[in-house]
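In each ligand, atom 1 is the first atom listed, and ligand 1 is the first ligand listed.
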Amino acid sequence: VELDASIMDGTRHRAGAVASLRDIRNPISVARLVLERTHHTTLAGEGALRFALQMGFKPEQLLTPESLKKWLDWKADPKRPTFWQNPSENHDTIGMVATDGKGHVVAGCSTSGLAWKIPGRVGDTPLVGCGVYADDNIGAATATGNGDLMSNYCTSISIIHYMARGASPQEACVALLEHIAKTDPANRSGDVCVLALNAGGEVGAAAMHKGNRLKYALWREGKSELLESIALY
Ligand code: ASP
């Protein structure tokens with residue numbers, strides 16, 4: 001289990017991130033301390049773990065008995081999916097964008113990445129501009145899906161750039177997905193889901209295709225709603 005996470009403060013234009021972090025349950029909290037306690041932006045692997053331990057995090061077994069069994073079954077299967085040849089689409093990420101209603105925005109993203117990834121693989125989540133971006137003058141964005149695909153499009157900063165040119169958060173999410181699909185029609189079936197928000201509290205969300213719909217929670221004025229984004233294809 002190797003975890004990736006990043007968090008970005010739109011006032012300071014500063015992010016903190018960790019990549020390929022083992023044995024620590026809450027990588028986003030470690031990413032936040034990279035932002036708050038150091039002058040670095042990203043720590044990876046062994047160094048990220050050492051930093052977490054220095055900050056008082058306790059190492060623990062992150063595999064549940066169920067996930068350990070799945071991993072042992074996967075290893076024993078000669079036809080198992082691998083990222084050498086036949087990748088599986090199996091992943092789960094939490095991405096968040098938020099505003100205080102006074103012009104301040106933040107973004108955060110945290111994941112264990114893709115199941116059965118090659119050790120050391122870094123997804124889009126801890127890459128500033130891919131998994132997160134936040135700029136108080138424009139807004140905040142985050143992404144979930146196939147990070148090996150999305151990293152090539154610098155998803156979050158691209159959405160911010162569309163917004164800087166006048167697009168609403170919703171228009172910006174759709175514009176980026178259309179661009180990804182246009183550059184390679186095979187990407188229409190790629191797992192790409194994006195969320196964005198501007199400092200005025202307008203929200204955007206979109207998924208590339210109907211087979212991988214994006215459900216997202218919108219919390220506003222004390223009320224939380226579960227919504228589903230549009231899907232382009
Ligand atoms: N984007 C993540 C990754 O590729 C996975 C996810 O969003 O579920 O590591």
Side-chain angles (χ1 to χ4, degrees), residues 1-8 15-28 30-31 42-45 48 62-64 67 70-71 74 81-97 107-134 140-160 173 176-177 180-181 184 186-197 204-217 226-229 231-232:
V1 181
E2 294 184 335
L3 306 178
D4 293 336
S6 61
I7 188 164
M8 185 158 184
V18 289
S20 297
L21 175 64
R22 295 187 179 193
D23 301 335
I24 303 293
R25 182 185 284 259
N26 299 115
I28 192 78
V30 184
T42 310
L43 293 177
L62 299 181
L63 285 175
T64 61
S67 54
K70 275 192 190 167
W71 181 67
W74 172 80
T82 72
F83 281 90
W84 293 102
Q85 275 175 350
N86 54 336
S88 66
E89 290 276 334
N90 189 342
H91 50 87
D92 217 348
T93 291
I94 300 289
M96 295 179 84
V97 285
C109 202
S110 181
T111 191
S112 61
L114 301 179
W116 324 131
K117 64 190 178 184
I118 296 170
R121 178 262 186 186
V122 173
D124 60 319
T125 303
L127 305 180
V128 179
C130 293
V132 290
Y133 206 80
T142 186
T144 176
N146 179 345
D148 295 312
L149 166 60
M150 291 189 293
S151 301
N152 296 297
Y153 290 90
C154 299
T155 324
S156 294
I157 187 70
S158 298
I159 291 171
I160 296 297
C173 289
L176 174 68
L177 266 50
I180 294 174
D184 182 350
N187 289 339
R188 290 178 182 198
S189 57
D191 285 357
V192 181
C193 297
V194 290
L195 270 182
L197 164 126
M208 184 65 91
H209 63 89
K210 294 188 178 70
N212 178 233
R213 286 193 172 267
L214 173 65
K215 288 223 169 108
Y216 65 102
L226 192 60
L227 303 171
E228 188 165 305
S229 78
L232 265 58

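- The T144 neighbourhood of ligand 1 comprises atoms 6 (C), 7 (O), 8 (O), with distances under 4.0 Å to a heavy atom of that residue.
- At a 4.0 Å heavy-atom cut-off, ligand 1 touches R121 through the side chain alone.
- Residue D124 approaches ligand 1 through these ligand atoms, each under 4.0 Å from one of its heavy atoms: 1 (N), 2 (C), 3 (C), 4 (O).
- The SG atom of C193 lies 8.0 Å from the CG atom of L177; values are rounded to the nearest 0.5 Å.
- Of the protein's non-hydrogen atoms, the one nearest atom 6 (C) of ligand 1 is T93 OG1, 2.5 Å.
- The local environment of CG in L227 is crowded, with over 12 non-hydrogen atoms from other residues, nucleotides or ligands closer than 6.0 Å.
- For CZ of R213, the number of neighbouring non-hydrogen atoms (other residues, nucleotides, ligands) closer than 6.0 Å is greater than 12.
- Side-chain atoms of H209 come within 3.5 Å of backbone N or O of S189 as a donor-acceptor pair.
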Please test I159 against V194 for side chain to side chain contact (heavy atoms under 4.5 Å, CB included), starting from the C-alpha separation and ending with a verdict.
CA-CA 9 Å; I159 291 171; V194 290; 3.6 Å; yes

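- Heavy-atom proximity to D92, at under 4.0 Å, picks out these atoms of ligand 1: 8 (O).
- For W74, the CH2 atom sits in a packed shell: over 12 heavy atoms of surrounding residues, nucleotides or ligands are nearer than 6.0 Å.
- Residue-ligand proximity, G145 to ligand 1, at heavy-atom distances under 4.0 Å covers atoms 1 (N), 2 (C), 3 (C), 4 (O), 5 (C), 6 (C), 7 (O).
- On a distance-only criterion, G113 and ligand 1 share no N/O pair closer than 3.5 Å.
- Only side-chain heavy atoms of T125 come within less than 4.0 Å of ligand 1; its backbone N, CA, C and O stay farther off.
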